[in-house]
Amino acid sequence: MRTALNSAPVPAPASASADGSAEGYRARRTLPLRVEAARQLRRRRTLVIGSVLAALPFVLIAAFAIGGDRSGRDGRVSLMDTATASGVNFAATALFVSAGFLLVVPVALFCGDAVASEASWSSLRYLLAAPVPRSRLLLSKLAVALGFSAAAMVLLPLVALAAGTAAYGWGPLRIPTGGSLDAGTATWRLAVVVAYVFVGQLVTAALAFWLSTVTDAPLGAVGGAMGLTIVGNVLDAVTALGHWREVLPAHWQYAWADALQPHAEWGGMVKGTAVSVGYALVLFACAFRHFRGKDVVS
């Protein structure tokens, strides 16, 4: 019996690569972007946000239809007064009324919910045990969150342009201060404006993403990012701060209006981009640094 046991074949150990990982394992193949994007697309909050953004232009059209006279206060002409001049005008107006707050919501939600939701579902530790490297997990989550945020930025003006053109016709962009831009030029400038609005929201995205790695409560990350964004807007309204307001991302959030002039001015947008990207890079670095050493127990 002893001889039989000793002579029994011993199973060979699983093959491993030079770094100790299982053969065939590739870190970059874990948590593919398409899988993460499909998971996020099926979530109810994604569908709700998309529906709200797509419905807003039609709500504005209805409001303009029943609102009667839209003449400016004290005879002054504003962007709202030219909203029904053409589809391009309507798209610019929809972007103007939503850029300050409404478009902040999807950015804060997608980025603030990215990691914290996994922790709240107690699935984060299982993802890391898959094993998904922590840097790969964050990169996948961040890429998908920014992708959905960019889609939200594009969805609203795109629907507004189509709905506005159907309601008010295709024509040049009438500038409230005087003059106009032909429809073709105005359309590509609106595309630049949308890109700038997205870049301006990178601060909110980075702040929400960092908070998402700090807390296990998604609402805490989302609410914290939105709250600090509102605080920035309040501080920018304090004129006593003088030139100090220029270091606030909120100070440059409407610099895109200079791109919708007959002679576009890009200086404000360049400064706003530099401020937003600078803050965002620091906050993204803080998120990766914190999560790398975080004790994940949920």
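Note that this is a predicted model, so its numbers are computed, not measured.
- Judged purely by atom type and a 3.5 angstrom limit, T82 has no side-chain atom pairing as donor or acceptor with the backbone of A85.
- When side chains are defined from C-beta on, L260 does not count as touching I175, because their heavy atoms never get closer than 4.5 Å.
- Between T93 and A83 the shortest heavy-atom distance is OG1-CB, 3.4 Å.
- To the nearest 0.5 angstrom, L248 atom CG is 6.0 Å from D236 atom CG.
- Using a 4.5 Å cut-off between side-chain heavy atoms of Ile, Leu, Val, Met, Phe, Trp and Tyr, with links allowed through other members, I230 and L219 fall into different hydrophobic clusters.
- Side-chain N/O atoms of Q253 and N233 include a donor and acceptor closer than 3.5 Å.
- Nearest heavy atom pair, residue V159 against residue A54, reads CG1-O, 3.5 Å.
- L228 is not listed as a side-chain neighbour of T204, based on a closest heavy-atom distance of 4.5 Å or more.
- Note on V282 and L138: separate hydrophobic clusters, where clusters join Ile, Leu, Val, Met, Phe, Trp and Tyr whose side-chain heavy atoms are under 4.5 Å apart, directly or indirectly.
- The side-chain heavy atoms of R43 and S117, taken from C-beta on, include a pair separated by under 4.5 Å.
- Using a 4.5 Å heavy-atom threshold, the side chains of F291 and V214 count as separate.
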Checklist line | side chain to side chain contact (heavy atoms under 4.5 Å, CB included) between L173 and S180, worked out | finding: CA-CA 5 Å; L173 174 70; S180 63; over 6 Å; no
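- Not a single donor-acceptor pair under 3.5 Å links the side chain of T215 to the backbone N or O of L211.
- Annotation: side chain of C286 is not in contact with side chain of H290 (no heavy-atom distance under 4.5 Å).
- Side-chain contact annotation: Q261 with R189, donor-acceptor N/O pair under 3.5 Å absent.
- Taking hydrophobic clusters as Ile, Leu, Val, Met, Phe, Trp and Tyr residues chained together by side-chain heavy-atom distances below 4.5 Å, W170 shares a cluster with F64.
- To the nearest 0.5 Å, atoms OG1 (T84) and CG (N89) are separated by 8.0 Å.
- For the pair R39 and R34, the minimum side-chain heavy-atom distance is 4.5 Å or more.
- In this structure, A208 and A221 approach most closely via the heavy-atom pair O-CB, 4.0 Å.
- Under a 3.5 Å cut-off, the side chain of S149 and the backbone N or O of A145 do form a donor-acceptor pair.
- The backbone N or O of P172 sits less than 3.5 Å from a side-chain atom of S86, completing a donor-acceptor pair.
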Notebook entry, point to check: Going through the checks in order, is the side chain to side chain contact (heavy atoms under 4.5 Å, CB included) test met by V247 and V275?
Noted result: CA-CA 7 Å; V247 302; V275 171; 5.9 Å; no
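- Side-chain contact between P218 and S212: absent, with no pair of heavy atoms (C-beta onward) separated by less than 4.5 Å.
- In terms of heavy-atom proximity, G272 sits nearest to Y196 at CA-OH, 3.5 Å.
- Across all their heavy atoms, L103 and A152 have their closest contact at CD2-O, 4.2 Å.
- Side-chain atoms of W252 come within 3.5 Å of backbone N or O of E246 as a donor-acceptor pair.
- In this structure, W244 places its CH2 atom where only 12 or fewer heavy-atom neighbours from other residues, nucleotides or ligands lie under 6.0 Å away.
- How far CG of L56 is from CG of L155: 10.5 Å, rounded to the nearest 0.5 Å.
- Note: Y279 OH to L283 CG = 9.5 Å, rounded to the nearest 0.5 Å.
- The side-chain heavy atoms of Y254 and W256, taken from C-beta on, include a pair separated by under 4.5 Å.
- The heavy-atom pair separating L102 from P106 by the smallest distance is O-CD, 3.0 Å.
- Here the straight-line distance linking atom CZ of F101 with atom CE of M226 works out to 3.5 Å at 0.5 Å rounding.
- Ring pair F90/Y168 is tilted by interplanar angle, where 30° to 60° counts as tilted.
- I61 and V59 fall into different hydrophobic clusters, defined by Ile, Leu, Val, Met, Phe, Trp and Tyr side-chain heavy atoms under 4.5 Å apart, directly or through other members.
- Checking side-chain atoms of T213 against main-chain N and O of W210 turns up a donor-acceptor pair under 3.5 Å.
- Taken together through direct or relayed side-chain contacts under 4.5 Å among Ile, Leu, Val, Met, Phe, Trp and Tyr, V97 and V52 form parts of separate hydrophobic clusters.
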Note to self: Checking D113 against R45 for the side chain to side chain contact (heavy atoms under 4.5 Å, CB included) test, could you report, in this order, the C-alpha distance in whole Å, the side-chain angles of both residues, the deciding distance, and whether it holds?
What the structure shows: CA-CA 10 Å; D113 188 66; R45 55 104 159 117; 3.0 Å; yes
Note to self: Please determine whether side chain to side chain contact (heavy atoms under 4.5 Å, CB included) holds for the pair R174 and V88, giving the CA-CA distance in whole Å, both sets of side-chain angles, and the decisive distance to 0.1 Å.
What the structure shows: CA-CA 9 Å; R174 178 185 169 193; V88 182; over 6 Å; no
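- Of the inter-residue distances, the one linking L41 atom CG with L47 atom CG reads 6.5 Å to the nearest 0.5 angstrom.
- In this structure, F284 and F209 have perpendicular ring planes: the angle between them is above 60°, well past the 30° mark.
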